[in-house]
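Note on naming: letters A, B, ... go to the chains in the order of the sequence lines (proteins, then strands), and numbering restarts at 1 for each one.
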Amino acid sequence: MWKVAAPAPPNSAPLPSPQLRSRLRVQSSAMPPLKYREMAAPTLFPLRNPMIRTRFAPSPTGFLHVGGARTALFNWLFARGHGGEFVLRIEDTDQVRSTAESAAGILSDLQWLGLDWDRGPVPGQEKNEYFQSTRLDIYNGFIDALAKSGHVYEAWETPAQLAAMRSQAEREKRPFRYRRQMPGRAPKGSTPCVLRFEMPHEEISFHDLILGPIQVGAEEHDDIVIRKSDGFPTYHFAVVVDDHLMEISHVLRAQEHLMNTPKHLALYRALGWKPPEHAHMPLVFNMDNTKMSKRDKSKAARHAAQLLMKNKPEVTLETLAAMAKVEPEALGKFLHQKQDNSAVTTAVAQALHLALPEIEVQDFRRSGYLHDALLNFIALIGWAPGENREILTRHELLDLFSLEGIGKTNGRFDRKKLLWMNGEYIRRASLKDLAQHMQAFNAVTDYPIKSADPAMLDKLLTMYQERMGTLGEMAENSRFFFSAPPLDPKAVDKFVRIASGPQHLQEIISLLAAANPWNAEGISPAMESIITMGEKRGSAAQILRVAVSGGAVSPPLLETLLLLGRDQTLDRLKRLEKEVAGVSGS
RNA sequence: GCCCUCAUCGUCUAGAGGCCUAGGACACGGGCUUUUCACGCCUGUAACUGGGGUUCGAAUCCCCAUGAGGGCACCA
């Protein structure tokens with residue numbers, strides 16, 4: 001778990017209880033005509049409405065995905081931008097897949113992003129009432145009420161039977177809909193059964209705040225399971241009960257939930273509750289239009305490994321396993337049976353020096369993206385403030401955000417633009433802020449720069465601020481300040497193993513050896529000579545660059561040498577001298 | 001297969017019937033600056049999916065086609 005500079009701890013305000021719950025009225029059997037919502041567009045909201053309350057309700061089955069982060073951001077912006085409240089609720093009704101680690105990770109990622117919540121779990125503490133798994137009796141109470149009014153019935157099919165019924169329907173090319181009065185329902189059995197909710201037999205329509213009017217025909221409804229055989233409510237039921245009890249005014253969620261909304265509205269109606277407003281936002285995909293999934297990371301690692309083994313036959317499964325320090329068997333399964341495995345993925349990527357695509361928030365964090373840059377970028381997918389604005393502070397985001405600004409078309413996650421934006425944030429940041437970001441970055445990564453003292457970090461930051469896209473880039477490129485780097489043979493050939501190379505190298509060594517004192521004034525004359533050395537201005541300086549940095553690219557030499565110090569500089573020059581002399585005989 | 005949704009440069013988008021010869025940003029190309037790499041500055045290429053309507057006039061409204069995405073779980 002990472003350490004997090006903790007924002008203000010969220011309040012754990014009590015749930016709306018008895019009096020509010022007493023407002024709950026279960027519908028009698030005589031139903032009034034179905035009219036879920038007037039088709040005319042409702043007024044979106046008055047400005048600064050204290051009654052606006054949104055929620056982000058992730059299921060703790062993995063780390064926080066950028067898509068989830070965007071949903072959280074939009075909900076947060078909408079609530080806070082209008083003086084409302086933002087609720088965080090953990091939907092852990094899937095006993096098999098939910099883990100406490102995931103929940104903690106999601107909390108930590110949201111905190112890192114600065115998306116704080118008014119009500120919800122308290123980091124570092126036990127599950128409270130914002131974890132659905134603690135609320136079983138509440139759901140059961142409402143299920144009982146719904147049963148009394150005749151909306152609920154038992155269904156005894158096993159999962160296997162249901163699967164068979166579905167494939168049967170598929171073979172007959174007809175849609176499968178589970179309905180109470182359909183023929184061939186399983187008789188009462190001895191195993192625990194599920195409880196289903198009988199959907200109305202009428203068209204359901206509603207007005208989506210982003211998409212406009214949506215209708216779903218009566219024949220499309222399916223009697224949804226509301227309680228699983230393990231006694232836990234399904235998502236559909238728990239979400240409705242909690243959104244009501246927690247007085248959520250606006251449900252802002254991804255468009256993949258659009259078809260769930262009629263089910264939820266039917267539940268609201270059966271429970272006698274007023275549903276919240278709904279707004280479904282467009283989805284975000286990879287540039288190639290595939291879904292952004294953590295599997296992309298495995299795919300990238302697998303692809304790179306297979307390419308390597310194809311191009312270099314000497315690399316076998318065993319050698320690669322040894323390189324990555326994983327079991328050959330596990331690697332085999334990963335490679336050949338396409339068994340995704342995050343441990344193997346990471347190990348392979350590390351062994352091959354492969355940068356995995358960032359998918360989860362923590363990936364971006366570890367790559368050295370600034371949280372505000374990530375937030376800014378994410379906000380701009382599917383939403384635009386108008387006026388050609390792009391770089392927006394958190395404050396401006398809050399100020400400008402509106403549901404009307406959300407578009408209807410799916411977006412793509414353009415990593416190049418994110419990289420640009422992150423660089424933009426880095427260049428605009430103060431040195432002090434950058435140092436803080438670097439510290440947070442160091443806490444979750446392990447680069448040599450971790451060992452830099454504040455003074456050195458400051459100097460490095462100054463040097464790299466204008467030439468990095470991410471903190472990770474700087475951490476990588478600044479390695480040579482901490483230990484002698486490997487020499488890039490291509491750079492050595494190009495700049496040093498040339499006719500004038502050895503002689504220039506000698507001159508550089510004696511110039512710098514004589515430089516005194518080792519400060520800007522003392523070195524500058526030597527630097528000037530080095531730059532003007534040779535035919536083309538600056539060409540000889542590359543020799544020096546290769547010597548100290550190992551390659552053809554580095555921050556400006558003067559500052560570099562100053563930070564490196566005389567001894568390191570001369571050592572590395574002599575190392576290069578030896579390298580060139582040693583091989584020239586062959 | 002059935003249902004739902006969407007459709008402007010490669011990408012994110014501006015655009016609410018005449019302000020559109022379609023604007024901005026990223027990316028890409030060219031140039032300047034430069035001891036490398038960046039940064040910065042200047043500059044270029046590039047889009048209204050197609051077809052029918054409505055209208056004096058359509059990127060904007062309607063219909064159809066096509067394409068794309070989502071959903072069809074005892075997952076959420």
Sidechain N-carboxylate O distance under 4.0 Å for A:Glu476, A:Arg479: yes
Carboxylate-amine/guanidinium contact A:Asp243 A:Arg89, below 4.0 Å: yes
Once you apply a heavy-atom cut-off of 4.0 Å, does [X] come out as touching a base, just sugar-phosphate, or nothing?
X	result
A:Ile531	base
A:Val225	sugar-phosphate
A:Pro58	nothing
A:Arg537	sugar-phosphate
A:Gly551	nothing
A:Pro282	nothing
A:Asn260	base
A:Lys291	sugar-phosphate
A:Leu557	base
A:Gly411	sugar-phosphate
A:Phe285	sugar-phosphate
A:His236	base

In the strands shown, is [N] matched to any nucleotide by a Watson-Crick or G-U wobble pair with both distances under 3.5 Å, and which?
N	answer
B:U66	B:A7
B:G17	none
B:C2	B:G71
B:C61	B:G53
B:C41	B:G31
B:A46	none

In whole Å, what separates the [atom1] atom of [N] from that of [M]?
N	M	atom1	result
B:A68	B:U8	P	14 Å
B:A58	B:C63	C1'	15 Å
B:A22	B:C9	P	14 Å
B:C64	B:U5	P	12 Å
B:A16	B:G30	C1'	38 Å
B:A14	B:C6	P	15 Å

Can you find a donor-acceptor pair, distance only, under 3.5 Å between [X] side chain and [N] base?
X	N	result
A:Glu390	B:G24	yes
A:Lys417	B:A25	yes
A:Thr409	B:C6	no
A:Arg427	B:C39	no

Residues forming a side-chain hydrogen bond (donor to acceptor under 3.5 Å, both in side chains) with A:Asp288, sequence neighbours excluded: A:Thr290
Pairwise side-chain contact, A:Leu561 with A:Met527, heavy-atom cut-off 4.5 Å (strictly under): yes
A:Thr93 and A:Ser59, any side-chain heavy atoms less than 4.5 Å apart: no
Using a cut-off of less than 4.0 Å, is there contact between a side-chain N or O of [X] and OP1 or OP2 of [N]?
X	N	answer
A:Lys228	B:A76	yes
A:Thr93	B:A76	yes
A:Arg166	B:A73	yes
A:Arg467	B:C37	no
A:Lys173	B:G1	no
A:Arg412	B:G10	no
A:Arg97	B:C75	no

Residues, nucleotides or ligands: over 12 heavy atoms within 6.0 Å of A:Lys127 NZ: yes
Residue closer to the 5' end of RNA chain B, A:Thr61 versus A:Glu219 (nearest nucleotide): A:Glu219
5' precedence on RNA chain B between A:Lys408 and A:Gln542 (nearest-nucleotide basis): A:Lys408
Between A:Phe364 and A:Phe413, ring centroids under 6.0 Å: yes
Residues A:Val546, A:Ile543; criterion side-chain contact (heavy atoms from CB on, under 4.5 Å); working and verdict: CA-CA 5 Å; A:Val546 171; A:Ile543 297 173; 5.9 Å; no
